[in-house]
Enquirer: 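Below you'll find the structure I mean.
Just so we're on the same page: letters track the sequence lines, and every chain starts at 1. Worth saying up front: this structure is predicted, and the values here are computed from it rather than measured.
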Amino acid sequence: MTFTRREALVLGAGGLATITLAPAAMAAAFEDAIAAFTGGAAAGEGGIEISAPEIAENGNVVPVEVSAPGAEEIVVFAPGNPAPAVCNVKFGPLAGSQRLSTRIRLAKTQDVTALARMGDGSFVQVARTVKVTVGGCGG
Amino acid sequence: MTLRAKMAAGLAMATALVFAGSAQAEPNIDPNPDVTELVINGEIPITIRAPAPDHLDGALPEIYSGWLYRDASTREMEMDDFENPAMPFVDAGIEAWNAVDGSEGKSCADCHGAIEEGMAGVRAVMPKVNEAGALWSMEDYINDCRVNRMGAEAYDWDKQPMKNITAAIAAQSRGMPVNVAIDGAAAPYWEQGREMYYTRYGKLQLSCASCHQENNNNFIRGDHLSQGQINGFPVYRLKQSALVTIHNRFYGCVRDTQAESFAKGGDELRALELYVASRGNGLSVEGPSVRP
Amino acid sequence: MADAKPRVKVPSSAAAGEAFTIKTLISHDMESGQRKDGDGNPIPRKIINRFTCDFNGTSVIDMTLEGAISANPYIEFDAMIDADGEFTFNWYDDDGSVYSATSAISLA
């Protein structure tokens with residue numbers, strides 16, 4: 001897919017932004033998504049980690065790794081994106097660990113958030129701030 | 001103020017604006033002395049620092065791969081062909097290499113053999129003057145084969161099929177030193193490219209040298225400016241999340257000076273490609289590399 | 001993109017019950033559905049929405065992907081095996097296509 005420069009400008013940096021929601025609506029969407037995952041249960045701390053660069057060289061491709069030993073399922077959110085959901089992974093019997101590494105789009109600086117559902121049905125949560133900078137070159 | 005002084009003042013202001021922000025770093029020093037080596041797949045050593053070619057006459061004290069200017073996470077993506085997001089496109093290019101296309105019923109492999117053997121070293125000497133005395137880029141040689149030997153349609157310079165095959169061809173020379181010829185028949189093209197490199201273009205009045213010679217290691221907003229070496233092309237650029245050709249990048253750079261840019265696949269950018277490639281003589285072919 | 005190209009790295013052998021890393025890449029635009037075209041019309045979403053890895057029919061991971069996953073998705077995770085056999089990888093496209101790859105592995 002190609003865009004002219006004008007279109008790319010209209011589309012916004014990284015081609016991500018545009019269909020924007022009001023901040024309050026975005027926060028509500030994020031909270032709803034978390035509640036849908038936990039069924040309203042409170043999430044604890046510890047036992048889950050996120051690694052990501054402190055400053056992303058480009059918001060279109062940000063390497064992120066989540067790990068929660070003993071988890072059955074991990075879900076990742078980017079609450080500052082127009083749509084907060086990023087991915088959800090269920091670990092099967094032959095998973096060698098409860099770890100996933102992938103690359104994600106971040107529309108702006110934000111706290112990337114992960115939650116895990118543990119084997120005993122409890123939930124844990126962690127967040128990590130990733131700064132997204134503005135590139136210098138339009139090309 | 002004289003017109004000349006006004007222009008100079010305006011120019012200084014434009015340059016100051018462009019390079020404003022964080023404190024000025026010293027240009028032309030090693031951007032990342034702690035990073036000692038790049039070995040792709042644990043088996044292809046890449047020369048990421050090399051003595052500057054003689055023709056630079058001290059303009060750069062040492063030459064550095066753009067890889068050295070990147071953050072650890074971007075650098076890592078290039079270190080394993082199963083992490084480098086350009087590699088599925090290399091696979092597609094190899095498939096195209098082996099596929100029959102055109103009225104003559106031939107594939108690239110029918111004449112050149114397996115891509116691993118037939119194309120090893122080719123990227124390292126591109127662009128190159130052809131038998132008729134014209135400077136040709138890799139893309140020109142590919143399309144000459146396609147049209148005149150295979151009876152197939154030329155690939156568009158900047159579209160996916162061409163980028164796939166140039167990435168596949170570049171990958172066969174990874175680790176080999178860039179060594180483009182700049183003398184003999186190439187000399188006039190090289191001179192033209194050199195002239196362009198130092199010419200200020202656009203409303204911003206920036207030359208290639210303004211950023212990549214005088215301000216490498218500085219930041220343009222979030223971007224850590226490199227020496228603008230092209231040994232890593234085609235590049236998988238995170239911004240586009242796609243393969244980017246040399247001419248596409250040149251086109252974008254000149255356009256960003258707010259100038260009318262040059263045509264991709266045109267004589268001007270071919271000449272510039274030769275000159276810029278020659279500034280990297282001695283670095284390894286690294287394409288397809290990963291850059292932000 | 002007409003044909004998505006998967007690329008998978010799996011060791012040729014592994015010890016029973018011992019974790020090892022699998023790396024996967026696939027070429028895909030991952031059009032997020034969040035962008036508009038030049039006329040202001042939303043560009044319809046077209047992404048890989050699910051990725052699965054199984055070994056001899058038993059699940060390793062089952063992942064749901066959203067529009068926030070970068071183009072040409074990279075997915076890395078750990079697996080283990082209990083027998084000789086084959087990994088099956090499936091990427092499910094919004095348009096109904098399924099892109100597959102397999103990789104044989106033996107017990108060390």
Side-chain angles (χ1 to χ4, degrees), chain A residues 1-12 14-21 33 56 58-67 69 73-107 110 112, chain C residues 1 14-25 29-43 45-83 85 87 105:
Chain A
M1 180 162 309
T2 52
F3 298 93
T4 64
R5 175 160 172 77
R6 186 172 298 272
E7 283 164 345
L9 283 169
V10 168
L11 289 166
L16 242 190
T18 37
I19 303 176
T20 44
L21 299 171
N58 190 288
N60 273 352
V61 187
V62 183
V64 169
E65 181 170 301
V66 290
S67 169
E73 187 176 2
I74 296 178
V75 62
V76 181
F77 296 107
N81 279 5
V86 174
C87 67
N88 168 311
V89 56
K90 294 183 180 74
F91 297 98
L94 288 178
S97 74
Q98 286 70 47
R99 177 185 78 92
L100 180 86
S101 182
T102 188
R103 297 169 186 159
I104 70 174
R105 294 166 165 156
L106 296 177
Q110 58 184 289
V112 177
Chain C
M1 184 158 309
E18 204 161 279
F20 53 87
T21 297
I22 292 179
K23 297 178 178 180
T24 74
L25 272 170
D29 286 342
M30 296 293 282
E31 184 58 56
S32 68
Q34 296 292 337
R35 306 199 301 174
K36 291 178 183 176
D37 65 18
D39 300 324
N41 303 311
I43 301 169
R45 188 182 102 153
K46 187 184 182 298
I47 67 170
I48 288 168
N49 58 55
R50 184 181 176 210
F51 166 76
T52 60
C53 169
D54 299 298
F55 179 72
N56 292 347
T58 302
S59 173
V60 179
I61 69 163
D62 186 340
M63 177 178 176
T64 304
L65 291 75
E66 305 290 346
I69 297 291
S70 305
N72 307 312
Y74 174 74
I75 303 169
E76 178 192 316
F77 53 94
D78 299 321
M80 55 189 181
I81 56 170
D82 48 13
F87 282 102
I105 183 169

Enquirer: Hey, what do you get for CE (C:Met63) to OG1 (A:Thr102), rounding to the nearest 0.5 Å?
Expert: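 The OG1 atom of A:Thr102 is 4.5 Å from CE of C:Met63, to the nearest 0.5 Å.
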
Enquirer: To the nearest 0.5 angstrom, please state how far the CE atom of C:Met30 sits from the CD1 atom of A:Ile104.
Expert: 11.5 Å

Enquirer: For chain A, which candidate among C:Tyr74, C:Phe51, C:Phe55 shows the most heavy-atom pairs at distances under 4.5 Å?
Expert: C:Tyr74

Enquirer: Where do C:Gln34 and A:Pro82 come nearest, in terms of heavy atoms and distance?
Expert: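 For C:Gln34 versus A:Pro82, the nearest heavy atoms are OE1-CB, 3.3 Å.
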
Enquirer: Looking only at heavy atoms and a cut-off of under 4.5 Å, which of C:Ser70, C:Ala19, C:Ser59 has the most pairs with chain A?
Expert: C:Ser70

Enquirer: Under the side chain to side chain contact (heavy atoms under 4.5 Å, CB included) rule, collect the residues that match up with C:Thr21, sequence neighbours excluded.
Expert: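 So C:Thr21 forms a side chain to side chain contact (heavy atoms under 4.5 Å, CB included) with A:Arg99, C:Lys23, C:Glu76, C:Asp78.
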
Enquirer: Relative to chain C, which segment of A:Ala78 carries a heavy atom at a distance below 4.5 Å: side chain, backbone, both, or neither?
Expert: neither

Enquirer: Using a 4.5 angstrom heavy-atom cutoff, name the option from A:Arg103, A:Lys90, A:Glu65, A:Glu73 with the most pairs to chain C.
Expert: A:Arg103

Enquirer: Which atoms of C:Leu25 are under 4.5 Å from chain A, going by heavy atoms: the side chain, the backbone, both sets, or neither?
Expert: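 Side chain only.
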
Enquirer: Are C:Asp62 and A:Val89 packed together at the side-chain level, in the sense that at least one heavy-atom pair is separated by less than 4.5 angstrom?
Expert: no

Enquirer: Please identify each residue that fulfils side chain to side chain contact (heavy atoms under 4.5 Å, CB included) with C:Ala71, with sequence neighbours left out.
Expert: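 Result, side chain to side chain contact (heavy atoms under 4.5 Å, CB included) vs C:Ala71: A:Arg105, B:Ser241.
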
Enquirer: To the nearest 0.5 Å, tell me how far A:Leu94 CG sits from C:Asp54 CG.
Expert: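 Those atoms lie 9.0 Å apart.
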
Enquirer: For A:Val62, is it the side chain, the backbone, both, or neither that has a heavy atom closer than 4.5 Å to a heavy atom of chain C?
Expert: backbone

Enquirer: Distance check, rounded to the nearest 0.5 Å: C:Ile61 atom CD1 versus A:Ser97 atom OG?
Expert: 10.0 Å

Enquirer: Provide the closest heavy-atom pair for C:Val60 versus A:Ala95 in the form atom of the first, atom of the second, distance.
Expert: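 The pair with the smallest heavy-atom distance is O-CB, 3.5 Å.
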
